[in-house]
Amino acid sequence: MALDLDFVRAQFPAFNEAALQGQAFFENAGGSYTCAPVIERLMRYYTQRKVQPYGPYDASRLAGEEMDEARVRLAAIMGVDTDEVSFGPSTTQNTYVLAQAFAGFMQPGEAIVVTNQDHEANTGPWRRLAERGIEVREWKIDPDTGHLDPEALANLLDEKVRLVCFPHCSNVVGEINPVTEITAMAHAAGAFVCVDGVSYAPHGIPNVGELGPDIYLFSAYKTYGPHQGIMVMRRALGTTLPNQGHFFNEGTLYKRFTPAGPDHAQIAASAGMADYIDALAAHEGITGDGAARGAGVHDLMRAHEVELLQPLLDYASTKNSVRLIGPDQAASRAPTVALASQENAEVLAQRLVKHGVMAGGGDFYAVRALQAMGVNMDKGVLRVSFTHYTSKAEIDQLLNALDDIL
Ligand SMILES: Cc1ncc(COP(=O)(O)O)c(C=O)c1O
């Protein structure tokens, strides 16, 4: 079954926007286009329900119901309980709160494992625990390939390790890490697991319950939604870590790691992501419960992306003037492709503009990964990233443009 791209693109107002015609969007890893149901729900919330939620009057009751609906439906897609899903201002802010919680849970002399493949959001906050006497062990990538080898993790695990943090896939290396295998290794050693899913979730929201980590983080503004961080916190860990919210909220799992008042409208609008997944599932004849529909849509998205990605990887790996970061096989990676060259990547991105290609250059906050791979940080990398709504014609436009500027 192939993805019906006309249907898909009709769900994203950006594709009908006059100012964006002819512009091929390749900075999706920075933030995706927003799907229509999210925009409609956000608009409805701001115009019809912008009152304190969970009160007795209709506008307030509906506001609260829509916020709850977002957690109920996203939890179903991810195969976890509703109260295991919470929202925070961003993934980075969620991680800082989590690090604070672990600081209260761990004893000096205990250890955590972090990688140098991660975006800074899932490594910097954890590394700062060293200031509290926690030992920080770095799981290092292969400097040539960027690969994170599970065998190397085995050498870092012992009874002192309480937490292993790693990305589902890096926002520059792109390789999909075997979350279930790594989680099993960490659990066997008595450690919890925190996975940064920000770079993976845009390519199909995963069934987190089946994947197995204790914490799974992603950012809704990259999964067709509003600017929110979404956190799955499995119950066993969430009730063990010290509460970071108000004392009277400590019995409510989804409030324990979001100390600030949440953005009501954006949480309510996040149900639009589930609307989109369900609409796509219905259109493609995918049935079943939330998790089954989510899995079917995930697989369709992935198949389309893999097909479009391989020609780009083939091009990049044969082009002498660039170094492709990460694997050259589409099946093992996300369509987030970083290219290093002798030229400044921001200048290269600027040159793409005249070809109607929207992309970016720099370090993408993956400073440690690029440094470990020996990338010249003054030049950075050109990153081109796409999702399931990208067309073959846009890939061709990109390839022609790259051929001109590289
Ligand atoms: C892989 C990865 N992790 C984490 C983040 C941080 O997410 P947020 O902007 O929600 O803090 C990003 C943002 O680009 C990212 O790409």
Side-chain angles (χ1 to χ4, degrees), residues 25-34 38 74 85-100 114-128 139 141 146 148 165-177 179 193-206 208 213 215-233 257-260 262-263 266-267 269-270 273 325-326 333-338 345 349 358-370 372-373 380-387:
F25 184 36
F26 281 97
E27 221 314 47
N28 289 277
S32 67
Y33 282 162
T34 312
V38 167
L74 290 170
V85 177
S86 56
F87 289 85
S90 68
T91 292
T92 307
Q93 292 198 46
N94 283 342
T95 321
Y96 272 104
V97 174
L98 290 172
Q100 186 70 19
V114 295
T115 80
N116 62 352
Q117 194 191 52
D118 273 277
H119 179 284
E120 195 61 17
N122 192 37
T123 191
W126 302 116
R127 287 172 193 259
R128 289 189 183 174
W139 180 13
I141 56 174
L148 207 45
C165 308
F166 65 96
H168 196 162
C169 88
S170 138
N171 67 333
V172 290
V173 177
E175 182 168 13
I176 299 166
N177 291 315
V179 174
V193 165
C194 175
V195 174
D196 176 353
V198 174
S199 273
Y200 184 88
H203 311 293
I205 293 178
V208 176
I215 303 169
Y216 191 91
L217 307 159
F218 67 99
S219 303
Y221 69 94
K222 304 187 199 246
T223 58
Y224 328 119
H227 208 114
Q228 284 291 296
I230 296 182
M231 166 163 51
V232 173
M233 168 64 81
F257 305 100
T258 42
D263 187 319
Q266 291 195 24
I267 292 173
S270 291
M273 291 161 18
I325 304 292
R333 65 176 296 157
T336 300
V337 179
M358 302 188 279
D363 61 43
F364 302 98
Y365 289 20
V367 175
R368 296 174 201 271
L370 295 179
M373 294 187 73
V381 288
L382 176 68
R383 189 177 70 175
V384 289
S385 54
F386 66 92
T387 77

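Note that ligands are numbered from 1 as they come in the structure, with each ligand's atoms numbered from 1 the same way. In this text the structure is predicted, and so the values were computed from the model without any measurement. Heavy-atom basis, side chains included; hydrogens, waters and symmetry copies ignored.
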Legend entry - side chain to side chain contact (heavy atoms under 4.5 Å, CB included) assessment of Leu217 paired with Leu98: CA-CA 11 Å; Leu217 307 159; Leu98 290 172; 4.0 Å; yes
[X] side, atom [atom1]; [Y] side, atom [atom2] - distance, nearest 0.5 Å:
X: Ile141; Y: Leu370; atom1: CD1; atom2: CG; result: 8.0 Å
X: Asn171; Y: Tyr365; atom1: CG; atom2: OH; result: 11.5 Å
X: Asn28; Y: Phe386; atom1: CG; atom2: CZ; result: 9.0 Å

Inset, instruction - Kindly determine whether Tyr224 and Thr387 satisfy side chain to side chain contact (heavy atoms under 4.5 Å, CB included), including the steps that lead there. - result: CA-CA 10 Å; Tyr224 328 119; Thr387 77; 4.0 Å; yes
For ligand 1, which atoms sit closer than 4.0 Å to a heavy atom of [X]?
X: Ser90; answer: 8 (P), 10 (O), 11 (O)
X: Ala121; answer: 4 (C), 6 (C)
X: Asn171; answer: 1 (C), 16 (O)

Inset, instruction - Please test Thr336 against His203 for side chain to side chain contact (heavy atoms under 4.5 Å, CB included), starting from the C-alpha separation and ending with a verdict. - result: CA-CA 10 Å; Thr336 300; His203 311 293; 4.1 Å; yes
Tell me, which protein residue and heavy-atom name are nearest [atom], and how many Å apart are they?
atom: atom 3 (N) of ligand 1; answer: Asp196 OD2, 2.5 Å
atom: atom 10 (O) of ligand 1; answer: Ser219 OG, 2.7 Å
atom: atom 11 (O) of ligand 1; answer: Thr92 OG1, 2.5 Å
atom: atom 13 (C) of ligand 1; answer: Lys222 NZ, 3.0 Å
atom: atom 15 (C) of ligand 1; answer: His119 CD2, 3.2 Å

Legend entry - Heavy atoms from other residues, nucleotides or ligands near OH of Tyr33 exceed 12 (cutoff 6.0 Å):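 Yes.
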Inset, instruction - May I ask you to check whether Thr91 has an N/O atom sitting below 3.5 Å from an N/O atom of ligand 1? - result: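 Yes: some nitrogen or oxygen of Thr91 is under 3.5 Å from one in ligand 1.
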Inset, instruction - Consider every N or O of Gln93 and every N or O of ligand 1, then say whether any pair is closer than 3.5 Å. - result: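 No: no nitrogen or oxygen of Gln93 is under 3.5 Å from one in ligand 1.
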Inset, instruction - Examine ligand 1 and decide if any of its atoms is less than 4.0 Å from a heavy atom belonging to Tyr221. - result: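 True for this residue.
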Inset, instruction - Would you check whether Ser199 reaches within less than 4.0 Å of ligand 1, judged by its heavy atoms? - result: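 Flag set, Ser199 near ligand 1.
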Legend entry - Shortest non-hydrogen contact between Glu120 and Pro125, atoms and distance: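 Scanning both residues completely, I find the closest heavy atoms to be O-CD, 3.3 Å.
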